[in-house]
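Down below is the structure, laid out as structure tokens.
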Amino acid sequence: MDQVPATANASTSKLSAAEAGLSSKSPVWLLLPPSDYETVVYTSYYDRIRRGSFRYMNLEDNIVYDLPQATSDLFCDLPCIGSSQGWLINLDPITFTPFLFNPFTNVQIQLPSLMSILGISTIEKTVRPPGRYRIQIRDRQKQVKHDMICPCFVEKAILSREPEGGDHYMVFMVLDHKCGFYSIGFYNDGDTSWKEVPGSQITDDENYEDIICNGNQLHALQGNGFVVTWDLRGDCPEKTTTIDAALPEKSKQYLGSGKCYLVEFGGEMLLIVSFTFMFDKSETGLFDLYKLDLEKKEWVELETLGDRSLFLGGNPSVSIQAKDCKGCKENFIYHTSDYWRNEEKKLSENTDDNVSIYSVEDQKIRFSFDCSRKRGLLPCWLIL
């Protein structure tokens, strides 16, 4: 497998991005979980990371920076459920309280708990089997491993705008209610509770594969390929359109071992289907690319990204012009695996940890590496 500059031969620095004055130097950063950590199990709480710092690097100078331990400790105990607008979105799995955290400035914003919107009344740690929690959801109970609580209920989390930019912002999360349906929950800046995006409830069979914000619009990709749009100019999102573009037959066979992403692409909409398979005892990944034909309401296969690159994973799916990010290669896909979010998918442990750089022209992964980490501490892209 060929190596691509950027992450291939990265050096290490103990300086934080803020200390080095690099927070605005590159629009793209890769957040990496600690390479070395020690886990201590507490009787009344989930596992805590007691040693090891988060690391991050940009594609421009190819240097890995260690977050100061004090900064890392602010959020390493809380599973990361997404990154958006340069912020991390973490979730306390005991209280279901989300936090927005800026790793460059150490600013942390606490949001209201999700327990009410999810219909959760109680969370209790079980004695047997150990390491599990008994969660009361409406009229039923569910036992979940402590490290799977967050991905079990929250599939994706994004921001509409930068929280400290002075403009009104919203937070959106794809919620699995464990009662036969999904919905999109939203938090309005200044509110005291979460609400459900009107018209967002769908069945488990349809589910949501991805959500993105583009200007004053929220777009959601359903598992069947349909795209639903809401207008965000009011206090409450208003559903405007549903485009019934069915998922292409070519890609349907991979959904059991893959993931779909929705990307705004220079005014157009892309569908990216990633999938993994085993070949000669090693894991390989490929991507199918499609562009939305609005007139025909169908996904048309796309052969090239031109001068743009895609960044996919736990972050909102983003396309950028390669020239705007030194070290970024055009017509490439930069991907961090987020398959761990779906606890029903039985994939290999290596899949959980994979970071890959994929050449659309060659249709092969040019570079990849596995991040040794604990579940809940996933690598992700920070797009500024």
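What you see is a predicted model, and the numbers here were worked out from it, not measured in a lab.
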(message) Give me the atom names and distance for the closest heavy-atom approach of I123 to P93.
(response) CD1-O, 4.2 Å
(message) Determine whether L175 and I117 satisfy the following criterion, side-chain contact (heavy atoms from CB on, under 4.5 Å), listing intermediate values before the conclusion.
(response) CA-CA 9 Å; L175 304 175; I117 190 173; 3.9 Å; yes
(request) For N331 and T304, run side chain to side chain donor-acceptor pair (under 3.5 Å): C-alpha distance rounded to whole Å, both residues' side-chain angles, the deciding distance at 0.1 Å, then the answer. (result) CA-CA 6 Å; N331 206 25; T304 179; 3.2 Å; yes
(request) Could you give me the CA-CA distance, side-chain angles and deciding distance for H219 and D210, then say whether side chain to side chain donor-acceptor pair (under 3.5 Å) is met? (result) CA-CA 8 Å; H219 304 288; D210 202 5; over 6 Å; no
(request) Please check if the side chain of S84 supplies one atom and the backbone of I158 the other of a donor-acceptor pair under 3.5 Å. (result) no
(message) Pairing donors with acceptors under 3.5 angstrom, does anything connect the side chains of W87 and E162?
(response) yes
(message) Using every non-hydrogen atom in the two residues, find where F186 and C236 come nearest and quote the distance to one decimal.
(response) CZ-SG, 4.1 Å
(request) May I ask you to decide if T229's main-chain N or O and T240's side chain share a donor-acceptor pair within less than 3.5 Å? (result) yes
(message) Go through it in stages, so that I can follow the logic: the residues are K291 and D293, the test is salt bridge (charged side-chain N to carboxylate O under 4.0 Å, His left out), and I'd like the CA-CA distance, side-chain angles, deciding distance and then a yes or no.
(response) CA-CA 6 Å; K291 182 173 67 173; D293 187 321; over 6 Å; no
(message) Count I, L, V, M, F, W, Y as connected when their side-chain heavy atoms are under 4.5 Å apart, and connections chain through other members. Are F181 and V197 then in the same cluster?
(response) no
(message) Do L159 and M170 make a side-chain contact, defined as non-hydrogen atoms from C-beta onward lying under 4.5 Å apart?
(response) no
(request) Work out which heavy atom in L247 is nearest to a heavy atom in G223; give both atom names and the distance. (result) CD2-O, 3.9 Å
(request) Side-chain contact test, heavy atoms from C-beta onward, threshold under 4.5 Å: evaluate it for N106 versus F101 and give yes or no. (result) yes
(request) Drop me the distance from F172's CZ to I212's CD1, to the nearest 0.5 angstrom. (result) 12.0 Å
(message) Quick check on the hydrophobic clustering: are I272 and V300 connected, directly or via other members, by side-chain heavy-atom contacts under 4.5 Å?
(response) no
(message) If we ignore hydrogens and angles and just use 3.5 Å, is the side chain of Y334 paired with the main-chain N or O of K329 as donor and acceptor?
(response) yes
(message) How close do T336 and C380 get, counting heavy atoms only, and between which atoms?
(response) OG1-CA, 4.0 Å
(request) Examine distances only and state if a side-chain atom of Q363 and a backbone atom of V360 form a donor-acceptor pair shorter than 3.5 Å. (result) no
(request) List for me each residue that meets salt bridge (charged side-chain N to carboxylate O under 4.0 Å, His left out) alongside R140, sequence neighbours excluded, and say none if there are none. (result) none
(message) For H335, run the side-chain hydrogen bond (donor to acceptor under 3.5 Å, both in side chains) check against W381, Y261, Y358 and tell me which one passes.
(response) Y261
(message) So which atom in K178 and which in I137 form the shortest heavy-atom distance, rounded to 0.1 Å?
(response) CB-CD1, 4.0 Å
(message) As an exercise, state the distance from CD of Q141 to OG1 of T122, rounded to the nearest 0.5 Å.
(response) 7.0 Å
(message) For Q143, is the CD atom crowded, meaning more than 12 foreign heavy atoms sit under 6.0 Å from it?
(response) yes
(message) Do I320 and V318 make a side-chain contact, defined as non-hydrogen atoms from C-beta onward lying under 4.5 Å apart?
(response) yes
(request) Verify side chain to side chain donor-acceptor pair (under 3.5 Å) between D288 and S251, making sure each step is shown before the conclusion. (result) CA-CA 7 Å; D288 288 341; S251 297; 2.8 Å; yes
(request) Please assess L111 against F99 for the test side-chain contact (heavy atoms from CB on, under 4.5 Å), listing each intermediate value before the final yes or no. (result) CA-CA 6 Å; L111 305 182; F99 293 85; over 6 Å; no
(request) Output yes when a side-chain donor or acceptor of T126 lies under 3.5 Å from a complementary backbone atom of R132, and no otherwise. (result) yes
(request) Look at the side chain of N214 and the backbone N and O of Q217, then say whether any donor-acceptor pair between them is shorter than 3.5 Å. (result) no
(request) Check P248 against L271 and note the closest heavy-atom contact, atom names and distance. (result) CD-CD2, 4.1 Å
(message) Can you confirm whether L114 sits close enough to V154 that some side-chain heavy atom of one is under 4.5 Å from a side-chain heavy atom of the other?
(response) yes
(request) Decide if atom CD of E238 counts as having more than 12 heavy atoms of other residues, nucleotides or ligands within a radius under 6.0 Å. (result) no
(request) Identify whether the distance between the nearest side-chain nitrogen and carboxylate oxygen of E330 and K323 falls below 4.0 Å. (result) no
(message) Could you check whether any side-chain heavy atom of F226 comes within less than 4.5 Å of a side-chain heavy atom of I243, counting everything from C-beta outward?
(response) no
(message) List the residues meeting salt bridge (charged side-chain N to carboxylate O under 4.0 Å, His left out) with E124, not counting sequence neighbours, and say none if there are none.
(response) R134
(message) By the definition side-chain contact (heavy atoms from CB on, under 4.5 Å), identify the one residue from Q136, M115, K142 that meets it with I120.
(response) M115
(message) Do T97 and L91 have side chains that approach each other closer than 4.5 Å (heavy atoms only, starting at C-beta)?
(response) no
(message) A side-chain contact here means heavy atoms from C-beta on lying under 4.5 Å apart; do L289 and I333 qualify?
(response) yes
(message) I'd like to know whether Y290 forms a side-chain contact (heavy atoms from CB on, under 4.5 Å) with L270, so could you lay out the CA-CA distance, the side-chain angles of the two residues, the decisive distance to 0.1 Å, and finally the verdict.
(response) CA-CA 6 Å; Y290 302 95; L270 299 190; over 6 Å; no
(request) Output the distance between atom CD1 (I81) and atom CG (L88), rounded to the nearest 0.5 Å. (result) 10.5 Å
(request) Check the surroundings of atom NZ in K239: do more than 12 heavy atoms from other residues, nucleotides or ligands lie under 6.0 Å from it? (result) yes
(message) Tell me if the CD atom of E361 is crowded by more than 12 foreign heavy atoms within 6.0 Å.
(response) no
(message) Using only atom types and a distance under 3.5 Å, with no angle test, would you say the side chain of N315 pairs donor to acceptor with the backbone of F311?
(response) yes
(message) Taking G267's backbone N and O only, do any of them form a donor-acceptor pair with E264's side chain (distance below 3.5 Å, no angle check)?
(response) yes
(request) Working to the nearest 0.5 Å, report the span between CD1 of I184 and CG of L218. (result) 5.5 Å
(message) Let's go through M173 and K156 carefully: what are the C-alpha distance in whole Å and the side-chain angles of both, what is the deciding distance for side-chain contact (heavy atoms from CB on, under 4.5 Å) to 0.1 Å, and is it a yes or a no?
(response) CA-CA 5 Å; M173 293 189 185; K156 190 117 186 186; over 6 Å; no
(message) Is there a side-chain contact between M269 and L262 in this structure, where contact means two heavy atoms from C-beta onward sitting under 4.5 Å apart?
(response) yes
(message) When you measure from the side chain of D362 to the backbone of K364, do you find a donor-acceptor pair of N or O atoms at a distance under 3.5 Å?
(response) no
(request) Starting at OG of S274, measure out to CG of L310 and round the result to the nearest 0.5 Å. (result) 11.5 Å
(message) I'd like to check the ring pair (Phe, Tyr, Trp, His ring centres under 6.0 Å) partners of F153; sequence neighbours left out, ordered by chain and number.
(response) F96
(request) Could you tell me whether a side-chain N or O of R138 sits under 3.5 Å from a main-chain N or O of L118, the two making a donor and an acceptor? (result) yes
(request) First locate atom CG of D176, then atom CD of E155, and finally report the distance between them rounded to the nearest 0.5 Å. (result) 6.0 Å
